[in-house]
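First comes the structure, then the notes that go with it.
Proteins get letters first, then strands, A, B, ... in listed order; numbering begins at 1 in each. What you see is a predicted model; the values in this text were computed from it and never measured.
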Amino acid sequence: MILYVRFRLPSLQEAGGVEAVLPALLGLIEEISPVVQALPPDAALVDVRGAERYFGRDAAQLASLLRVRALAHCGVDCAIGAGPNPMLARMTAREAGPGTTRVVAEGEVAGFLADKPVAALYGTGPATARTLCSYGLDSLGRVAAAPLAVLQRIVGARAGRELWERARGIDRTAVVPNAAVRSVAAERSFTRDELDPVRHRRALLSLAEELGMRMRGESRVCRSLALTVRYADRSTTTRARVLREPTAHSATLTDAAYRIHESLGLQRARVRSLALRAEDLTPAERAARQLTFDPADERSRRIEAVADRARARFGPQAVVPGSLAA
DNA sequence: TCTGGGGTCCTAGGACCC
DNA sequence: TCTGGGGTCCTAGGACCC
């Protein structure tokens, strides 16, 4: 069986940072089963099939054990869903109240799913649910009874196959321990709709600094950068660029962000927020940085390394780019 | 209960190369 | 020399999850 554990973490303010709590909780889970996939900020998937044999206890008993330990060691309560696969564990957890475990066993799957609305299926959101309902497929039982070819015609070949399987309780995904992050992003919202390109650039600079710092902190570099502009009517435009070389260097990211921003030509556009995403992350040691012989470039990288160390010691506000200070 | 901010993955079309 | 078909990469956008 698979467990989906959702912790009831205290709010950020009183806890002094959630980052400190989740690792400790994951450590407790690992004492029960090593196959743990963290789902920050407050949840985890656990494959307990090995643990059930090893400890001679069923999933519900292991869930109770976990709850008692989380309360005793961290003072944190949790809601737990247990099912034959990750999808069912997640769906079951939605129905588990605080401090309880809800179990759906192999033989109960069809009954568990049949009367649910299609939107309750993991992986089916409002858009697909609307489409399915317009064909009269308004319950998972009806979707499960529909021929595969019909579902594929409605939502596409691949999505149709997945829908057909999921509505039958089939989920081929596995619990993947420490899956590496694929991208990092941050967003800056303006207090009012902002037309001023200078303020846009200040936001971009601050975003590039933040993403660069986060990547350098984890020894990762990104291959491409995407800028999303959200307008006053809440619509968005996204533009992505592949970088000349993978990097976590803030100055390079800032340059790239400025260029994408310019390419959008946002004259008179009322911009509500700007979001920058660093994509295709890879470990920094694997990135073959071209040798540059530009002393100014080398100098800026050295300054950046010093600034990172200062921030690590004195906090994120210790070093701020000149145009963002005060 | 809703919102918003961060994530993931998929699709489709065009460019380019072989 | 021309044509065609298949990969792969890039880009934009959509859907979904927590």
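- Here C/dT8 presents its P atom at 16 Å from CG of A/Asp280, a figure rounded to the nearest Å.
- Here the side chain of A/Arg8 pairs no donor or acceptor atom with the backbone of A/Ala79 at under 3.5 angstrom.
- A salt bridge links A/Glu262 and A/Arg201; the closest N-O separation between the charged side-chain nitrogens and carboxylate oxygens is under 4.0 Å.
- At a threshold of 4.0 angstrom between heavy atoms, the contacts of A/Ala186 are confined to the sugar-phosphate backbone, with no base atom among them.
- Taking a cutoff of 4.0 Å between a charged side-chain nitrogen and a carboxylate oxygen, A/Lys116 and A/Glu95 qualify as a salt bridge.
- In terms of heavy-atom proximity, A/Ala44 sits nearest to A/Val36 at CB-CG1, 4.2 Å.
- There is a side-chain donor-acceptor pair under 3.5 Å between A/Arg216 and A/Ser250.
- For the residue pair A/Arg239 / A/Ser263, no side-chain donor-acceptor distance below 3.5 Å is found, with atom types taken as modelled.
- One atom, CG of A/Leu39, and another, P of C/dC16, lie 20 Å apart when rounded to the nearest Å.
- In DNA chain B, runs of at least 3 consecutive Watson-Crick or G-U pairs, each pair with both distances below 3.5 Å, span B:5-18 with C:5-18.
- The stretch residues 155-163 of chain A does not touch DNA chain C, since none of its heavy atoms comes less than 4.0 Å from the strand.
- Taking each heavy atom of A/Tyr231 and A/Ala269 in turn, the nearest pair found is CE2-CB, 4.0 Å.
- Using modelled atom types, one side-chain atom of A/Asn85 and one backbone atom of A/Gly169 make a donor-acceptor pair closer than 3.5 Å.
- In this structure, A/Glu279 atom CD and C/dT11 atom C1' are separated by 10 Å, rounded to whole Å.
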Identify all pairs in which a protein N or O lies below 3.5 Å from an N or O of nucleotides 12-15 of chain C, and state each distance.
| from | atom 1 | to | atom 2 | distance (Å) |
| --- | --- | --- | --- | --- |
| C/dA12 | OP1 | A/Arg239 | NE | 2.9 |
| C/dA12 | OP2 | A/Ala240 | N | 2.9 |
| C/dG13 | OP2 | A/Arg239 | NH1 | 3.3 |
| C/dA15 | O3' | A/Thr128 | OG1 | 3.4 |

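- In this structure, A/Leu211 reaches neither bases nor backbone, as no heavy-atom distance under 4.0 Å exists between it and the strands shown.
- Side-chain atoms of A/Arg90 lie closest to C/dC18 of the nucleotides C/dC18, B/dG5, B/dT8.
- Heavy atoms only, all atoms of each residue included: A/Asp42 and A/Leu9 are closest at CB-CD1, 3.8 Å.
- Across all non-hydrogen atoms, the minimal contact from A/Arg234 to A/Arg272 is NH1-CD, 4.1 Å.
- The two residues A/Met1 and A/Val103 have their closest heavy-atom pair at CE-CG1, 3.8 Å.
- In the interface, the side chain of A/Arg277 is paired with the base of B/dG7 through a donor and an acceptor atom under 3.5 Å apart.
- Within the 4.0 angstrom heavy-atom criterion, no nucleotide atom of any strand lies near A/Arg272.
- Comparing B/dT8, B/dG6, C/dC18 by their nearest atom to the side chain of A/Ser183 picks out B/dT8.
- Across the protein-nucleic acid pair, A/Ile260 atom CD1 and C/dC10 atom C1' stand 13 Å apart, rounded to whole Å.
- Nearest to the side chain of A/Val184, among B/dG7, C/dC17, B/dG5, sits B/dG7.
- Taking atom CG of residue A/Leu276 and atom P of nucleotide B/dG6, one finds them 11 Å apart after rounding to whole Å.
- Taking a cutoff of 4.0 Å between a charged side-chain nitrogen and a carboxylate oxygen, A/Arg188 and A/Glu210 qualify as a salt bridge.
- Counting only heavy atoms from C-beta on, A/Ser189 has its side chain closest to B/dG5 among B/dG5, C/dT11, B/dG7.
- Between the CZ atom of A/Arg259 and the P atom of C/dT11 there is a distance of 12 Å, given to the nearest Å.
- In the set B/dG7, C/dC10, B/dC9, C/dC10 carries the atom at the smallest distance from any side-chain atom of A/Arg223.
- One can place CE of A/Met87 at 16 Å from P of C/dC16, the figure rounded to the nearest angstrom.
- One interatomic measurement links the two molecules: CZ of A/Arg234 to C1' of B/dG5, which rounds to 11 Å at whole-angstrom precision.
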